[in-house]
2 protein chains.
Amino acid sequence: MPPAMNERDNDYLGSLRDYYAEARRIPSYQRICELMGFASKTAAKKLLDRLESAGFVERTPDDDAWMPTMRFFERPLADIAVRAGAPDMIEGTQGELLLIDQYLVRQPSRTVMVPVKGDSMIDAGIHDGDIVVVERAKAAQSGDFVVAIVDDEFTLKELALEKGKFVLKPHNPAYPVIRPQGQLEIYGVVTGLVRRYRG
Amino acid sequence: MPPAMNERDNDYLGSLRDYYAEARRIPSYQRICELMGFASKTAAKKLLDRLESAGFVERTPDDDAWMPTMRFFERPLADIAVRAGAPDMIEGTQGELLLIDQYLVRQPSRTVMVPVKGDSMIDAGIHDGDIVVVERAKAAQSGDFVVAIVDDEFTLKELALEKGKFVLKPHNPAYPVIRPQGQLEIYGVVTGLVRRYRG
DNA sequence: TGACATGGTGTACTCGTGGACACCATCCTA
DNA sequence: TAGGATGGTGTCCACGAGTACACCATGTCA
């Protein structure tokens, strides 16, 4: 992932970001020519090839088109770029309003957001009022955080193995381990979490 | 914007969302045929026309392609209160919806995402590797979590008052309170948090 | 100064894509 | 039970997209 990028390509990248913010796609070679002032589509292709090896774009899984990578949206903030240790930031501007969603949700059709009630997972940094991202029908492994259905209620716990049997382990010493009778009904696996501060 | 959508189109929409999560684009008519099992591209076009009038997709400004709308990214929000034996009702069209980015980001142009380094805020449920949502130029109050710049480095702490002066309080007994000399430089206020589990 | 890497031009070819049109099956309702 | 709205099929067409290739200008470095 060499960030080896010259000034010119950086400007091109900026134009691509602007276009993406409006159209949510990498423009066609022809559109790129218009945007950048190229006279030949080959220049556009070579540009994308360069951006690909720099890690800003990649081909879709079916190799049908270009798509942006996470890096496409990252940028250090200009006025502090000089400072040492400035981390890469993801600046959320208009068209990139979907970044968090894309970061968290892998299988939209199987994904449900579940609000967290109670503090039984407080030691795992999951608070009352947080919202967890749950992927249904995903094979749960020991160690995963899962949403299970116990006594007709949703409950969020860690799935753990105890003497060869699955149990639900809270992350709060005040709560007991749940040892289900018979079959344990898993609603889904927690794949992410969001929290909002200050109304 | 009539959400008037039948069950079938809802499934199609789900497939489109899954495809989009992988390829970051609306598939071509031909790909849609493969995904949905259509035999004719016209069916794909008509499907997108329907989804357009339902408000899930639209044309790009240059009319070159389809792009998803905000609605495309609404995720189902489980109603925890509904405990009784029908958790599958979430699958139904009805139920609450959540736009993750909209939930976390209120001022897109002033908001950046900053990855968390270290565990100085572990007792506040903010872990190494989490991503905090930071709103710049927001008036910070005592008690807010803030990203400050100390010794040319970014640091995430709670803003607190101590003897009438602002200090930066970690949420980890192993770290000391930071008492800045002179002016304290606040980069922004933490308004949200994002975490991902298990690659 | 000479050789090579790099970024851009121009041309030509092919296939995928979107779009139009006629037609068909099914469902719902009057 | 007739009729229309709806969702899907099959076919044809034109254009644009991506790609390959030969070539050129510029900058850089031994």
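Keep in mind it's a predicted model, so treat the numbers as computed, not measured.
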Colleague: Hey, would you say the B:F56 and B:Y12 ring centroids sit under 6.0 Å apart?
Modeller: no
Colleague: Regarding B:Y197 and A:D144, do their side chains bring together a donor and an acceptor under 3.5 Å, going by distance alone?
Modeller: no
Colleague: Scan residues 51-62 of chain A for pairs that pass salt bridge (charged side-chain N to carboxylate O under 4.0 Å, His left out), counting only residues two or more places apart or in two chains.
Modeller: A:R59-A:D63, A:D62-B:R31
Colleague: Given side chains that start at C-beta, do those of B:R17 and A:S109 come closer than 4.5 Å, heavy atoms only?
Modeller: no
Colleague: Could you check, using the six-membered ring where one of them is a Trp, whether A:F73 and A:Y20 have ring centers closer than 6.0 angstrom?
Modeller: yes
Colleague: Spell out protein contact along nucleotides 5-24 of chain C as letters: B when the base is contacted, S when just the sugar-phosphate is, - when no protein heavy atom is under 4.0 Å; keep the 5' to 3' order.
Modeller: --SBBB------BBBBB---
Colleague: Nearest-Å distance, CD1 (A:I32) to P (D:dG18)?
Modeller: 8 Å
